[in-house]
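Beneath this line is the structure, given in structure tokens, with notes to follow.
Everything numeric here is computed off the predicted structure, so don't read it as measured data. Residues: numbered from 1 along the sequence shown.
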Amino acid sequence: MSISFNLFSHPHQTLNDHLTGVKDIALNLHENHNVNKDLTDILEIICMAHDFGKVTSFFQDRLKTGNKSKLTDHGEISACFAYWLLPETWKIPGFLIVKKHHGSMENANDEMPLKIDILKKQANDILENSFDELNLIYAEVLKKNSKDLNEFFEFMDSMNERSLKRQFRKEKSSNKYNIEFFMKIQYIYSILLSSDKSQLILNEAYLPNNRLPSEYVEKYKENLKKEFLGRTGALKNNEVYAIRNNAFNELKDKLETVDLNKNKIFSINMPTGTGKTMLGYYAAFKILERLKNEYNLDSQIIYCLPYMSIIDQNYGELYKLLEYNLNRQPTDEELLKFHSMTEIKYNDYEGYDARFCFENWQSKIVTTTFVQFFNTLFKSGKNSIIHRFHTLSNSVIVLDEVQAVETKYFPIIKEFLTLLAEKYNVRIILMTATMPIILDTYELIPNKEKYFRRLNRIKIVNNTSETIQLGDYKEILFEKIGKNPDKSFLIVMNTVKSAREIYHYLKEKTNRNCIYLSTEIYPKLRLEKISQIKKMNNHGEKPIVVSTQLVEAGVDIDMDIVYRDFSTLDSINQTAGRANRNGFGDKSEVYIYNIIDDKGNPYCGYIYPPHLLDCTKSVLLENEINENELYGINEKYFNEVHNRSFGEIDDKVHNSIKELEFKTFRDSFELIKKEEWKKDIFINADKNSNEILEKLENSKDLSNLEIKNLFRVLNNYRISINTKKYDKIKNNLISMDKFDLEYLNIDNYSLEEGILDNLQNELFF
């Protein structure tokens, strides 16, 4: 007897077409990844089972009428079907994956209470109305797994909550849920989510095409060299220029011969200002090129940096690199910028389709933040994030300025990155000027120490043996600036209050061009100010820049003399890296002071962990430290950090993995903690921000995606202020209750220094 397919998964698609389409896409992705080959059958079962519950007459009626009820829910009965079909080892994980393919997986124990009455009504309905078509849809998978569909309904008839809990206790007692298994769960979950969405959008798997020749980087580098020579003249005797060339050639030679099967985790550890970013680009492009030529692997480059401000800078450089070589603007499929201030768009797609392709990282090169990358690893079971986890397979991941990661996360990062390399065929490039001890790496520039020893661009003058009041520090700065009218200055403070006091003092006492930067300056304006500083440097102007630590990692400004309030050694290194980057002229001075407030408390104590400050004090023993001595000091520092920091969250993380507590695990990893003493507000600073706020106020006819994109652009005007300052200015804030946002109009804000003084009686941290 011929049976047609009359059951639907979506209004215009049959259930059979959707299930087989999702399965085919998933298996195509899985085959392309060429990892976890033992999971093929598991993946097939889970994909075919994920929408099993849509066969009920309740759900079919919902498609026609739109009416919802508990009986139209399909996740839980689909999860039971997966549980029944799967082998013992995968019953519980498969149940959790399928149950929450439209939500996020919580802790396993919290998913156990089942709606037994609802499930049995649904099972009886399927048995009475859809058994024959169901048998046809699942004929192949049932035969392959030696199952009879009648047995499923017998299983459902006898099911009770205790049996599932008993099975889970049995599974947990076997101690099989380790990190490797946990990652396999994430891998299958992500492929299911991606395939489910791709089937409706593309009706095929997205497979990256990694044809990005390494010569692109070389050609672009040569062009930059010509431009640089045009600005600065001859570089024949410049030590920094010689180091950049030597290191690049050394890297090229290494990448020609390195065994990419044997070595998968690499490091580039070079001094600040020696072309580290270009080395990273070339290494990533070359490894990708070799993976294609030698192993026929198509994948992508994922370039990660700690801060959004330098993501924009990095994206801009990659954009110009591709544009120069392609002789056209790169598409989103060739280069994608991904962070919370990036508008959601993807080529010619619109709405939800564009959002999925964007958030699924469907591009040859993705440039993103550490937060977004590590969320992809550690936000276990989070539907909106984990769907892209499987795309990491075979990828080349660059972690630039890796020292910015909080040290307590090093052990879990080490375990996950090692597994990614070993089991998911990922190549990882760690880049820093001060490499922390995270992983054993293959050094792409093995003679790195000689480059650190050769450089002598700066001298650190260490004045931290005693503390100093802010007032006395102001006088030191004033005197030094007065003696050096032809020098630019960078003064980095630890708090907004202290930075602002220094700025006010120098602006009043000197006739110099002073520029202020802090987190009170909204992000769009920060980037404009940094661009202004760079232009001034290029034109030989000598500004005084007063800033908090936001100028540190990756901000490409070059100053003559630097003053820094005491901080951790990695921050001191980064600040020092803003001095004499190109090594022209005399050696620059970097002065370090330990500044205290009126209560005698060091400002550094408000910002940095005490154990990291102690580690810094223990290695900064000399009054004067030349740049060529920093390599050895950094090694001592990170050994100290290693001894004091590791193991802080290990037990909690491993216990949550063992118990399949997905929510507990993801909540354990917060790269950026929500600080309860801070409040977010927006600055209505210009025509653009005003238009966005007006659209949000009148957003009745806007889609969720349109609203989300408006907020992403508005984030360029967002600042965080402490609750004390918030209380002082809240009467001047305008509220938009429906979005729980508050903003300050430009009348009450200074583009020069942030929130105006007349809105508050005093300045706070």
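- Heavy atoms only, all atoms of each residue included: R526 and T519 are closest at NH2-O, 3.5 Å.
- Tested against Y591 for a ring-ring contact (aromatic ring centres under 6.0 Å, His included), the candidates F566, F489, Y473, Y563 yield a single pass: Y563.
- Judged by distance alone, with hydrogens and angles left aside, the side-chain atoms of K529 form a donor-acceptor pair with the main-chain N or O of Y516 at under 3.5 Å.
- Under the 4.5 Å side-chain criterion, counting only non-hydrogen atoms from C-beta, I460 is in contact with I572.
- Between the side chain of S395 and the backbone N or O of L392 there is at least one donor-acceptor pair closer than 3.5 Å.
- Applying side chain to side chain donor-acceptor pair (under 3.5 Å) to S267 and the options T441, T432, D440 leaves one that passes, T441.
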Working for side chain to side chain contact (heavy atoms under 4.5 Å, CB included), residues L305 and F373: CA-CA 9 Å; L305 285 147; F373 170 70; over 6 Å; no
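- Ring planes of F669 and Y409: tilted class, angle from 30 to 60°.
- Between T418 and K414, the shortest heavy-atom contact is OG1-O, 2.7 Å.
- The two residues T548 and S518 come nearest to each other via the heavy atoms OG1-CA, 3.5 Å.
- Taking OG1 of T467 as the start and CG of N601 as the end, the distance is 10.5 Å to the nearest 0.5 Å.
- Looking at every heavy atom in both residues, M431 comes nearest to T277 through CE-CA, 4.2 Å.
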Evaluation steps, salt bridge (charged side-chain N to carboxylate O under 4.0 Å, His left out), between K286 and E215: CA-CA 9 Å; K286 185 65 179 180; E215 66 178 19; over 6 Å; no
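- If you take OG1 on T368 and CG on N375, they are separated by 9.0 Å, rounding to the nearest 0.5 Å.
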Candidate pair D560 and S488, rule side-chain hydrogen bond (donor to acceptor under 3.5 Å, both in side chains), full reasoning: CA-CA 5 Å; D560 296 324; S488 59; 3.2 Å; yes
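- Formation of a donor-acceptor pair under 3.5 Å by the N462 side chain with backbone atoms of T464 is found in this model.
- For the pair K542 and D486, the salt-bridge criterion is not met [side-chain N within less than 4.0 Å of a carboxylate O].
- Checked for salt-bridge contact, R453 and E449 meet the test: a charged N lies under 4.0 Å from a carboxylate O.
- Electrostatic pairing of E520 and R500 counts as a salt bridge here, judged by a charged N lying under 4.0 Å from a carboxylate O.
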E479 vs K483, salt bridge (charged side-chain N to carboxylate O under 4.0 Å, His left out): CA-CA, chis, key distance, verdict: CA-CA 6 Å; E479 183 180 353; K483 290 179 179 178; 3.2 Å; yes
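- Judged by distance alone, the side chains of Y281 and N314 do bring a donor and an acceptor atom under 3.5 Å apart.
- A donor-acceptor contact under 3.5 angstrom links the side chains of S214 and E289, judged on distance only.
- Contact detail for A283 and L251: the closest heavy-atom pair is N-CD2, 4.3 Å.
- Classification of the F370-F374 ring pair by plane angle, with boundaries at 30° and 60°, yields perpendicular.
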Evaluation steps, salt bridge (charged side-chain N to carboxylate O under 4.0 Å, His left out), between K254 and E443: CA-CA 9 Å; K254 273 289 175 187; E443 296 189 7; over 6 Å; no
Verdict with reasoning, R244 to T274, per side-chain hydrogen bond (donor to acceptor under 3.5 Å, both in side chains): CA-CA 5 Å; R244 286 174 185 164; T274 56; over 6 Å; no
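- Once rounded to the nearest 0.5 Å, the distance linking OG of S567 with CG of N573 reads 9.0 Å.
- Taking 4.0 Å as the cut-off between side-chain N and carboxylate O, K276 and E401 count as a salt-bridged pair.
- Evaluation of the side-chain contact (heavy atoms from CB on, under 4.5 Å) rule for S618 yields E640 as partners, not counting sequence neighbours.
- Classification of K507 and E752 as a salt-bridged pair holds, one side-chain N sitting under 4.0 Å from a carboxylate O.
- A 4.5 Å side-chain heavy-atom check between L322 and I365 finds at least one atom pair inside the cut-off.
- With rounding to the nearest 0.5 angstrom, the CG atom of L420 is 12.0 Å from the CD atom of E415.
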Intermediate values then yes/no, salt bridge (charged side-chain N to carboxylate O under 4.0 Å, His left out), K587 and E627: CA-CA 10 Å; K587 188 185 295 186; E627 184 178 11; over 6 Å; no
Trace of the side-chain hydrogen bond (donor to acceptor under 3.5 Å, both in side chains) decision for D565 with N494: CA-CA 6 Å; D565 192 0; N494 284 326; 3.2 Å; yes
Derivation of the side chain to side chain contact (heavy atoms under 4.5 Å, CB included) call for E250 and N447: CA-CA 9 Å; E250 195 173 331; N447 298 316; 3.2 Å; yes
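- In this structure, K221 satisfies the cation-pi test against F248, with its NZ or CZ atom closer than 6.0 Å to the six-membered ring centre and inside 45 degrees of the ring normal.
- Ionic pairing of K535 and E541 is not present here: no N-O contact between side-chain nitrogen and carboxylate oxygen is shorter than 4.0 angstrom.
- We find the CD1-CG distance between I533 and N513 to be 9.5 Å, quoted to the nearest 0.5 Å.
- Side-chain atoms of I301 and V366, non-hydrogen and from C-beta on, never get closer than 4.5 Å to each other.
- A donor-acceptor pair is defined here as one N or O able to donate and one able to accept, closer than 3.5 Å; no such pair exists between the side chain of N626 and the backbone of N628.
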Chi angles and distances behind the side chain to side chain contact (heavy atoms under 4.5 Å, CB included) call for L569, V641: CA-CA 11 Å; L569 185 62; V641 171; over 6 Å; no
Stepwise side-chain hydrogen bond (donor to acceptor under 3.5 Å, both in side chains) test for E317 and Y220: CA-CA 10 Å; E317 203 65 41; Y220 181 68; 2.4 Å; yes
From CA spacing to verdict: side chain to side chain contact (heavy atoms under 4.5 Å, CB included), D570, Y637: CA-CA 9 Å; D570 53 310; Y637 172 74; 3.5 Å; yes
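- To the nearest 0.5 angstrom, Y603 atom OH is 6.0 Å from T495 atom OG1.
- Here the side chains of K337 and D312 are in contact, with some heavy-atom distance below 4.5 Å.
- Side-chain N or O atoms of D259 include one that pairs as donor or acceptor with a backbone N or O of K262 at under 3.5 Å.
- Closest non-hydrogen pair, L506 versus T510, comes out as O-OG1, 2.6 Å.
- Using a 4.5 Å heavy-atom threshold, the side chains of L470 and D597 count as separate.
- Open room surrounds CD on E622; 12 or fewer heavy atoms of other groups in view lie less than 6.0 Å from it.
- Defined by atom type and a distance below 3.5 Å, a donor-acceptor pair is missing between the side-chain atoms of D558 and N580.
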